2 protein chains.
Amino acid sequence: MGASDNSEEAPSKSKVVTRSRRPRLVDVARLAGVSLGSASRALSAPELVKPKTREAVRLAAAHLSYVVDGAARSLALRRSLSVGVILPTINNPIFADFVHALQQRLSEDNYSLFVSAHEYSRDAETLIVERLLQRSVDGLVLLGTDQDRKAMGQIARAEVPHIFAWSSEENSRISVGFSNRRAMQQVTQHLIQLGHRRITLLSGHTEYNERARARLDGVLDTTSLAGLDAPTTIFSEFSVEAGRHGLREAMAKTPRPTALICSTDLMAAGALSEAAIMGIKVPEELSITGFDNIEFSALLTPQLTTVDVPTVEIGTAAGDAILAAMAGKSIERAPFPTRLVVRGSTGPAPK
Amino acid sequence: MGASDNSEEAPSKSKVVTRSRRPRLVDVARLAGVSLGSASRALSAPELVKPKTREAVRLAAAHLSYVVDGAARSLALRRSLSVGVILPTINNPIFADFVHALQQRLSEDNYSLFVSAHEYSRDAETLIVERLLQRSVDGLVLLGTDQDRKAMGQIARAEVPHIFAWSSEENSRISVGFSNRRAMQQVTQHLIQLGHRRITLLSGHTEYNERARARLDGVLDTTSLAGLDAPTTIFSEFSVEAGRHGLREAMAKTPRPTALICSTDLMAAGALSEAAIMGIKVPEELSITGFDNIEFSALLTPQLTTVDVPTVEIGTAAGDAILAAMAGKSIERAPFPTRLVVRGSTGPAPK
DNA sequence: TTGTACGCGTTATCAA
DNA sequence: TTGATAACGCGTACAA
């Protein structure tokens, strides 16, 4: 009996060489000549321990290349020191920047970040939430406010602190983000001022996507205020390919629109490229706008008129917010400002 | 004594409402009227249990919204069912696609993926490895073969199964990827065939980056074989901004080069844009090439000649490989083929 | 096929 | 300031 306690045993000669067990805290304690408790304190609450033991433990730990076992620690601590973020997709550079900023912020407070994307599948979303709950994330950052009801149910039952990031419409619940609606109002206003009256909107699907809805609303607000008819709206995915198709569809109508508002830069980039292929001059015959101000939007020809979103700031603020939420506090913050960036893809409406 | 065992106690009235404890497996077992062991088996090895108990347990679990505690499970299982991937940066769409494919593959085998990027900082890299080891990842996917020695030391000591992905040069250790060197040979060959003799190379920094080195070597191989002088080489970061500066620097030389080889599409995109600003005609006055074939490279004007890399396939194969490695097997596989994509940014050398 | 009891590695409590 | 010991929640021999 007690065999499992005998850590001095040499690797048994006749067996295959097996992966050697990683050193545990007891091993460190023994080498340092202190108790388990002292070793634990020396590493995670050094101020509670005499400098001498502290050093002895540190030395022993370094000597053994000891790394604490996160699973055991989580179990004892009843927190995992990890946070999950659920993105719609990882295939939009705007989210990559956001995630990076979020990760940086959490890292400062010693939290790890689980990144996952559901790629607009509700099933995937439920599965992701389930996995994150298994991992006992201490907090959850949700992108957008319009999550799957089932997923939200799971989150609510598990009582995991969570925040909504990205969108922050006036009437929505508290979240860290900006107003898609107001941003799109500016875009539309810009086009109307340029004399455009026949506008087509290339929108993302609005089910489970309050961002797409808010952007759509922003356009409608503004056209209606200006006494225009509601613009033709085409619904599609948020991809470059969808932008191509959208442009074709838009330009198949008679009379042709003079402006195409796209829900994202990705779509606008596709539309721009397809316009070039069709020989449609931008902006002389058609103005095109995007949304997000991804780095590439300034590299297209013509450069894209778009909405700049403070991605990094939102990522950092989301980190602040979820850290606060996990600490039981709650942060109120005003929506972030966005900025219309007027570039070459928009111009006066043709006569 | 034994008070902590009394799970029927009502929430104490006078205290603040606290976060209710999440249900444990015992709770499920009790509700299902079976033992802890049976409950455990019913959920993770259903075939070992009678259909009747299996169902009872499932029902109870669903009723309580039970989710297994990953930390406890890891501790008992001595594996975490998680894998880490260490990227140089998350700010290149090529890596985003790779990670997504990897994640998908691992997810099929019920593994979670920790994603982290060191952004070319060695310190960050060591910290990341340390964190991943704390989390007891069962395997590690390293992007590139040229990791920090210290980090590799940690990984070796911890004896964590790991694989190298992305690069796979002839003389390097086994890894899942493609030959950067051969790909760049093709690019250079293409330019030489177009009559270019004065070529400038805009390379990434080569310290700790075998990909940049291999690409550089590929260019040198080919120019030297063609009896040309070694091309002027400018070293810089892998960014759009660096591409802009690189182009300016390249075109400041007399005589000007007729072709600019860029180490990545990001750089090439910057160079292309800066050329437009300077009024340099591409490809009439200057041919420009990229590397990676990111989606946007086909949306630039002119479209970018570049090297297509089978990102998704590599991601999936990397998943296969690390799963195999964790199972104690090892996968041999030939390097993936790359493909030169000739588009509008390259043309005959000016007279 | 099921139940019991122990171990996984750490932190927290409580005495000393 | 330190040391002993009881959790933390789950998997799995082993016995029944």
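The sequence lines fix the lettering, A, B, ..., with proteins before strands; numbering per chain opens at 1. In this text, all values refer to a predicted model and were calculated from it rather than measured experimentally.
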Can you tell me if [X] touches the phosphate of [N], counting only side-chain N or O atoms and a distance under 4.0 Å to OP1 or OP2?
| X | N | value |
| --- | --- | --- |
| S35(A) | dA4(D) | no |
| T53(B) | dT2(C) | yes |
| R73(A) | dT10(C) | no |

If you take all heavy atoms of E119(B) and T89(B), which pair is closest and at what distance?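 Reported closest heavy-atom pair: OE1-OG1, 2.9 Å.
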Between Y111(B) and S82(B), which heavy-atom pair has the shortest distance, and what is it?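 Nearest pair, atom of Y111(B) first, then S82(B): CD2-N, 3.5 Å.
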Base, sugar-phosphate or nothing for S40(B)? Non-hydrogen atoms, less than 4.0 Å.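 Answer is base: heavy atoms of S40(B) come under 4.0 Å of a base.
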S74(A) near the nucleic acid: base, sugar-phosphate alone, or nothing, with a heavy-atom cut-off under 4.0 Å?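 Result for S74(A) = nothing.
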Min side-chain heavy-atom separation [X]-[Y] under 4.5 Å:
| X | Y | value |
| --- | --- | --- |
| R135(B) | S112(A) | yes |
| K329(A) | I331(A) | no |
| Q154(B) | T126(B) | yes |
| V141(A) | V83(A) | yes |

Among dG3(C), dC10(D), dG3(D), the one nearest V34(A) by side-chain distance: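 Nearest to the side-chain atoms of V34(A), counting from C-beta on, is dG3(D).
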Candidates dC10(D), dT2(C), dT11(C) - which lies nearest the side chain of R24(B):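 The closest nucleotide is dC10(D).
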What's the angle between the local helix axes at either end of the helix from dT1(C)-dA16(D) to dA16(C)-dT1(D), using five pairs per end and rounding to 10 degrees?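 One end's axis against the other's: 40°.
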Can you tell me how far [atom2] of [N] sits from [atom1] of [X], to the nearest Å?
| X | N | atom1 | atom2 | result |
| --- | --- | --- | --- | --- |
| D69(A) | dC8(D) | CG | C1' | 13 Å |
| E47(A) | dT2(D) | CD | P | 13 Å |
| Y66(B) | dG9(D) | OH | C1' | 7 Å |
| L25(B) | dG9(D) | CG | P | 11 Å |
| L48(A) | dT13(C) | CG | P | 12 Å |
| K52(A) | dT1(D) | NZ | P | 15 Å |
| L36(A) | dA7(D) | CG | P | 16 Å |
| L75(B) | dC6(C) | CG | P | 17 Å |

So among E159(A), M152(A), R157(A), which one has a side-chain contact (heavy atoms from CB on, under 4.5 Å) with I155(A)?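 One option only clears the test, and that one is M152(A).
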5'-most contact on DNA chain C: A72(B) or P51(B), nearest heavy atom basis?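 It is P51(B) whose nearest nucleotide is closer to the 5' end.
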Got a sec: does the OH of Y208(B) have more than 12 other heavy atoms crowding it under 6.0 Å?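 Incorrect, the count does not exceed 12.
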At less than 3.5 Å, do the side-chain atoms of R41(A) and the base atoms of dG3(D) form a donor-acceptor pair?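 Such a pair exists between side chain and base.
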Begin with the C-alpha distance, continue with both residues' side-chain angles, and end with the deciding distance and a verdict on side-chain hydrogen bond (donor to acceptor under 3.5 Å, both in side chains) for S136(B) and R22(A). CA-CA 10 Å; S136(B) 302; R22(A) 73 192 247 184; 3.1 Å; yes
Side-chain donor-acceptor pairs under 3.5 Å in residues 319-328 of chain A, sequence neighbours left out?
{"unit_1": "D320(A)", "atom_1": "OD1", "unit_2": "R105(A)", "atom_2": "NE", "d": "2.5"}
{"unit_1": "D320(A)", "atom_1": "OD1", "unit_2": "R105(A)", "atom_2": "NH2", "d": "3.4"}

For DNA chain C, the residues among residues 55-64 of chain A that have a non-hydrogen atom under 4.0 Å from it: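 Close to the strand, none.
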